[in-house]
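The model shown is predicted, which means the values in this text are computed figures rather than measured ones. Atoms considered below: every heavy atom in the structure, side chains included; atoms not considered: hydrogens, waters and symmetry mates.
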Amino acid sequence: MEQAAPFAEQLGLEQNEMGRIKTDLQGRTSVKEIYAGRDNAAGPQQLVIAASEGSKAAIGVISDFVEDTF
């Protein structure tokens with residue numbers, strides 16, 4: 001699967017074999033201070049899953065700014 005827009009490649013983000021952005025569980029990408037909702041990396045995109053994964057990415061952003069882990 002190919003991304004519709006090449007921004008991930010242009011930013012140098014690591015991608016999986018399906019062409020989706022690789023993230024950790026809190027949405028951190030391979031480029032410092034760039035986060036992605038995991039529906040970019042995981043299987044079926046459903047609104048409730050996207051909202052949940054977006055919340056996890058927000059926790060990653062907050063924890064990086066305050067240098068704490070939850």
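We find the CD-CZ distance between Q15 and R20 to be 11.0 Å, quoted to the nearest 0.5 Å. Taken to the nearest 0.5 Å, the OG1 atom of T29 stands 8.5 Å off from the OH atom of Y35.
In this structure, L25 and K56 approach most closely via the heavy-atom pair O-CB, 3.6 Å. Heavy atoms only, all atoms of each residue included: A57 and A36 are closest at CB-O, 4.2 Å.
Scored by the side-chain contact (heavy atoms from CB on, under 4.5 Å) test, L11 finds F7, L13, I34 as partners (sequence neighbours excluded). The side-chain contact (heavy atoms from CB on, under 4.5 Å) test applied to E14 returns K22, S30, not counting sequence neighbours.
Salt-bridge formation is detected for the pair R28/D64: a Lys NZ or Arg NE/NH1/NH2 atom is positioned less than 4.0 Å from an Asp or Glu carboxylate oxygen.
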